[in-house]
Q: 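The structure is given below, and queries will be raised subsequently.
Positions are given from 1 along the sequence. Computed from a predicted model, the values in this text were never measured in an experiment.
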Amino acid sequence: MADSDLAREWIQLQSQLLTQLIEHDDLSFTYDAHTNTFPGLHIVGGVDISYPRTDPNHAIVALTILSFPSLSLLHQTTFEVCIDVPYIAGFLAFREIRAYKQAFAALQVDRPDLMPQILLVDGNGLLHPRRFGSACHLGIELNVPTIGVAKNFLHFDDLAHVDGKELKHVFRNGASEIELKGQSGCVYGKAVRPPGNASNPIFVSVGHRVSLDMAVHVVRACSKFRVPEPIRVADQQSRKIAQTIESIVP
C-alpha cells in the first residue's frame, strides 16, 4: 500500500480513536497542592524505543517501572523487535504501538502487581496536528493513564506562531511553564522548565485519562534532570542495547 493511502487510512483510525480519549483525571491517585504530594500514587512507568543506526527496522523497546516518590527501579522489560511498518510523519504510533503492547503483555505475565498507575511516553499526546500522538494512542490501546513527554517542539500549522528559540529565551528569563495554545484556541500542552538551571524546556501533553495540570505535576515530581526518570531510565537501557548492536555489525 502506498504511503499516501496508508496515511488516509490511519487518519480515519486516529479520528475514531480520538472519540474515546479522556482528557480529565481518571486516576487511582490524587494531587495535594498544599503539600505537593500524590496520595495513592506508588508506581509510575516509562517507555522508549531506540533504533540501531545500522538497521532502522530493528528496534529495542524498554519499559521501566519505578516506585514513587523514591523513583527507584522496580522492574524493567527490554527486548528486540523487528518493525516492518513504515515511518510516516505524524503517525509514529502506528509504527511502534505493537512493540509497546508486547512490552506490556510481558509485564502482565511477569509482574502483574507492577502495572503502572500512570505511564510517561517518550513522544507527544495532544500536542499533535490531529491531537492524537503516540501517548494518546498507547493510552487508549492499553486503557492506562498516559502523559506525552517530548524533548523537541513539534511544529504544525495551528502552532505556527510559536517560536521554539523564543521559548528558550523566555525560560532563560525565569519562566517555569508556558501554555501551548493554537491559533484555533486549542490548548495542546505546555512547555515546562526542567529542574536546575536548564533553560531548554520539555513539552508535556495529555495522553489519556489525565488532565494537563495533573500531567505537568506528575512530570515535575518524576524529574531529577531534564527528562523525567521513567523515560530517562528506559532511554538509557534501549540506547545501550542499540549501541551494542551497532558495534557488532560489520
Q: Aromatic ring centroids of Phe68 and Phe29 under 6.0 Å?
A: no
Q: Can you tell if the side chain of Tyr31 reaches within under 4.5 Å of the side chain of Val218, non-hydrogen atoms only?
A: no
Q: If you round to the nearest 0.5 Å, how far is CD of Glu96 from CG of Asp48?
A: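 Reported to 0.5 Å precision, the distance equals 8.5 Å.
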Q: Is there a path of hydrophobic side-chain contacts, each under 4.5 Å between heavy atoms of I, L, V, M, F, W or Y residues, that connects Leu74 with Phe104?
A: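 They do share one cluster, since a chain of ILVMFWY contacts under 4.5 Å joins Leu74 to Phe104.
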Q: Calculate, to the nearest 0.5 Å, the distance between atoms OG and NZ belonging to Ser50 and Lys240 respectively.
A: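 If we round to the nearest 0.5 Å, Ser50:OG and Lys240:NZ are 13.0 Å apart.
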Q: Measure across Met115 and Ile43 and return the closest heavy-atom pair with its distance rounded to 0.1 Å.
A: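 Minimum heavy-atom contact is O-CG2, 4.1 Å.
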Q: Check for me, please, whether Ile118 and Ile231 land in the same ILVMFWY cluster - side-chain distances under 4.5 Å, paths through other members count.
A: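 Shared cluster, yes.
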Q: Thr30: which residues meet the side chain to side chain donor-acceptor pair (under 3.5 Å) condition with it, sequence neighbours left out?
A: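 If we apply the side chain to side chain donor-acceptor pair (under 3.5 Å) test to Thr30, skipping adjacent residues, there are no hits.
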Q: For the residue pair Leu212 and Ser205, what are the closest heavy atoms and their distance?
A: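 Result for this residue pair: CD1-CA, 4.2 Å.
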Q: Where do Leu6 and Phe91 land on the side-chain contact (heavy atoms from CB on, under 4.5 Å) test, with the steps shown first?
A: CA-CA 10 Å; Leu6 202 53; Phe91 303 96; over 6 Å; no
Q: So does Arg95 have more than 12 non-hydrogen atoms from other groups sitting under 6.0 Å from CZ?
A: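 Count over threshold, so yes.
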Q: Is there a side-chain contact between Arg220 and His217, using heavy atoms and a 4.5 Å cut-off?
A: no
Q: Within a reach of under 6.0 Å around CZ of Arg53, are more than 12 heavy atoms found that belong to other residues, nucleotides or ligands?
A: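 No, CZ of Arg53 has 12 or fewer neighbouring heavy atoms, counting only those of other groups under 6.0 Å.
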Q: Is there a side-chain contact between Asn200 and Phe171, using heavy atoms and a 4.5 Å cut-off?
A: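 Result no, sub-4.5 Å side-chain heavy-atom pair not found.
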Q: For the atom pair NE2 (His58) and CD1 (Ile241), what is the distance rounded to the nearest 0.5 Å?
A: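 That separation rounds to 9.0 Å.
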Q: Just so I know, are the side chains of Leu18 and Arg130 near enough to count as touching, which here means a heavy-atom distance under 4.5 Å?
A: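 SC-SC contact between Leu18 and Arg130 ruled out.
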Q: Ignoring hydrogens and angles, tell me if any N or O in the side chain of Arg209 forms a donor-acceptor pair with the backbone of Asp26 under 3.5 Å.
A: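 Yes.
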Q: Whether the Asp32 and Thr37 side chains hold a donor-acceptor pair (N or O, under 3.5 Å, no angle test) is what I'd like checked.
A: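 Result is no, nothing qualifies.
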Q: What I'd like to find out is whether the side chain of Arg226 reaches to under 4.5 Å of the side chain of Ile202, using heavy atoms alone.
A: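 Yes, at least one pair of side-chain atoms sits under 4.5 Å.
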Q: Identify the two heavy atoms, one from Ala103 and one from Thr77, that lie closest to each other, and give their separation to 0.1 Å.
A: O-CG2, 4.2 Å
Q: To the nearest 0.5 Å, tell me how far Cys222 SG sits from Leu41 CG.
A: 7.0 Å
Q: To the closest 0.5 Å, what do you measure between CD (Gln117) and CD1 (Ile65)?
A: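 CD1 of Ile65 is found 10.5 Å from CD of Gln117.
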Q: If you look at every heavy atom in Cys136 and Gly125, which pair is closest and at what distance?
A: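 Smallest heavy-atom distance, with atoms named: SG-C, 3.3 Å.
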Q: So if I apply the side chain to side chain contact (heavy atoms under 4.5 Å, CB included) rule between Pro228 and each of Val233, Val149, Val204, which one comes out positive?
A: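 So the option named by the test is Val149.
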Q: Between Asp158 and Arg131, is the closest basic N to carboxylate O distance under 4.0 Å?
A: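 No.
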Q: Please report the shortest heavy-atom distance between Ala99 and Ile49, naming the atom on each side.
A: CB-CD1, 4.1 Å
Q: For residues Ser238 and Thr78, determine if any side-chain heavy atom of one lies less than 4.5 Å from a side-chain heavy atom of the other.
A: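 When only atoms from C-beta onward are counted, Thr78 and Ser238 do not touch, as no gap falls below 4.5 Å.
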Q: Is Asn173 atom CG crowded by more than 12 heavy atoms from other residues, nucleotides or ligands, each under 6.0 Å away?
A: yes
Q: Would you say the side chain of Leu127 lies within less than 4.5 Å of the side chain of Leu159, judging by non-hydrogen atoms?
A: yes
Q: Rounded to the nearest 0.5 Å, how far does CD of Glu141 lie from CG of Leu17?
A: 6.5 Å
Q: Answer yes if Tyr100 and Leu119 sit in the same cluster of Ile, Leu, Val, Met, Phe, Trp and Tyr residues linked by side chain heavy atoms under 4.5 Å apart, and no otherwise.
A: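 Yes.
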Q: Report yes or no: does Ser211 contribute a side-chain atom to a donor-acceptor pair with the main-chain N or O of Asp25 at less than 3.5 Å?
A: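 Pair absent, no side-chain N/O of Ser211 close to backbone of Asp25.
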Q: Show the numbers, then the answer: is there a side-chain contact (heavy atoms from CB on, under 4.5 Å) between Leu126 and Leu21?
A: CA-CA 10 Å; Leu126 291 183; Leu21 192 72; 3.3 Å; yes
Q: Ile97 and Leu138: side-chain contact (heavy atoms from CB on, under 4.5 Å), yes or no, with the steps?
A: CA-CA 7 Å; Ile97 190 72; Leu138 185 58; 3.5 Å; yes
Q: Look at Asp235 together with Arg232 and state whether they make a salt bridge at an N to O cut-off of under 4.0 Å.
A: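 Arg232 and Asp235: not salt-bridged.
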Q: Does some side-chain heavy atom of His208 sit less than 4.5 Å from a side-chain heavy atom of Asn143?
A: yes
Q: Check the surroundings of atom NZ in Lys151: do more than 12 heavy atoms from other residues, nucleotides or ligands lie under 6.0 Å from it?
A: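 Atom NZ in Lys151 is packed in, count exceeds 12.
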Q: Is it true that Phe132 and Phe94 fall in one hydrophobic cluster, defined by side-chain heavy atoms closer than 4.5 Å?
A: yes
Q: With side-chain contact (heavy atoms from CB on, under 4.5 Å) as the criterion, how do His75 and Asp113 come out once you've worked through the C-alpha distance, each side chain's angles and the decisive distance to 0.1 Å?
A: CA-CA 11 Å; His75 184 76; Asp113 57 312; over 6 Å; no
Q: Shared ILVMFWY cluster between Leu92 and Trp10, side chains joined below 4.5 angstrom?
A: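 No; tracing contacts between hydrophobic side chains, which count when under 4.5 Å, never links both residues.
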Q: What pair of heavy atoms forms the shortest contact from His128 to Tyr188, and how long is it?
A: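 Minimum heavy-atom separation between His128 and Tyr188: O-CE2, 3.6 Å.
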Q: Which word best sums up how the rings of His155 and Phe153 line up, parallel for under 30°, tilted for 30 to 60°, or perpendicular for over 60°?
A: perpendicular
Q: Please answer whether the main-chain N or O of Thr64 pairs with a side-chain N or O of Gln76 as donor and acceptor at a distance below 3.5 Å.
A: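 Side chain of Gln76 to backbone of Thr64, a donor-acceptor pair under 3.5 Å: no, none is there.
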